[in-house]
Visitor: 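The following block contains the structure, expressed as structure tokens.
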2 protein chains.
Amino acid sequence: MSMPKTDMPAARFSYDGLDRVIHEKARLGLLTSLMAHPKGLSFADLKQLCGLTDGNLSRHIQVLQDAGLIDVTKGYEGNRPHTSCRLTKAGRRRFLDYLTVLEQLVRDAAEAAHGDDADKARLGLRPA
Amino acid sequence: MSMPKTDMPAARFSYDGLDRVIHEKARLGLLTSLMAHPKGLSFADLKQLCGLTDGNLSRHIQVLQDAGLIDVTKGYEGNRPHTSCRLTKAGRRRFLDYLTVLEQLVRDAAEAAHGDDADKARLGLRPA
């Protein structure tokens, strides 16, 4: 079926603001963890909070660091090497921008599910 | 810095429910469009709504169809080939499950930004 063109604003559902660096599932967990801990988190803490392997965590930390979203500090705690990560100011701002788009997407999808009030309630929206 | 272990439930921020088939940015747009149009949308309509090229749209439609999230009907409208897509019942359910996790993520991140009431207001949460 075809839609009347008046109902079709260009790319209404393109969600251009969903920054691909941030949108990756593991990186979303990392950024949310770091948002919750503004003083920073150790490699070990991030690994546990996000349920990642050493290899995956290293790879995603590198991507976030290269993009300027996080700062990584390598040092020692006693005799043991200790890596600490924290969100940069720009990282925090970009993550918040991203979250605004994500929230819009959840709202769009919940509104789209209008035929079924149970689905709306499930997504925290009040049935009309 | 290290966190007290009592504050560290295992993989609190792993977001395992973020189904990778659904989580891809273009596919999120496609699923939201189809949720808004339960009778289905043509290839041309989806292309316009999601701002995708023919190649990208075909590729993502194939992934969603292989995963059982959408049905694709190929036919003719007059003399011209016409492809129509609609969300399957299972696809609708899986997308709603995904959205529940996504909503939790937005809520977690908004709560994590607790130091700054302006950020909370921006994400639609009332400052404490």
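Numbered from 1 within each chain, the chains take letters A, B, ... in sequence-line order.
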Visitor: Nearest 0.5 Å, please: how far is CG in L105(A) from NZ in K25(B)?
Guide: 11.0 Å
Visitor: Taking atom CG of L30(B) and atom OG of S14(A), what is their separation to the nearest 0.5 Å?
Guide: 11.0 Å
Visitor: Who wins among H23(B), K47(B), R86(B) for the most heavy-atom pairs under 4.5 Å with chain A?
Guide: H23(B)
Visitor: Kindly compute the distance separating CG (L28(A)) from CG (D108(B)), expressed to the nearest 0.5 Å.
Guide: 11.0 Å
Visitor: So, for A109(A) and L99(B), which heavy atoms are closest and what is the spacing to 0.1 Å?
Guide: CB-CD1, 3.4 Å
Visitor: Over all heavy atoms of both residues, which pair between A113(B) and M35(A) is shortest? Give the atoms and the distance, please.
Guide: N-CG, 4.0 Å
Visitor: Which distance, rounded to the nearest 0.5 Å, do you find between the CZ of R107(A) and the CD of E103(B)?
Guide: 10.5 Å
Visitor: Between Y98(B), Y15(B), F95(B), which residue shows the highest count of heavy-atom pairs closer than 4.5 Å to chain A?
Guide: Y15(B)
Visitor: Answer yes when E24(A) and R20(B) have at least one side-chain N-carboxylate O distance shorter than 4.0 Å, and no when they do not.
Guide: yes
Visitor: Can you tell me how far apart CZ (F13(A)) and CG (L31(B)) are? Round to the nearest 0.5 Å.
Guide: 11.5 Å
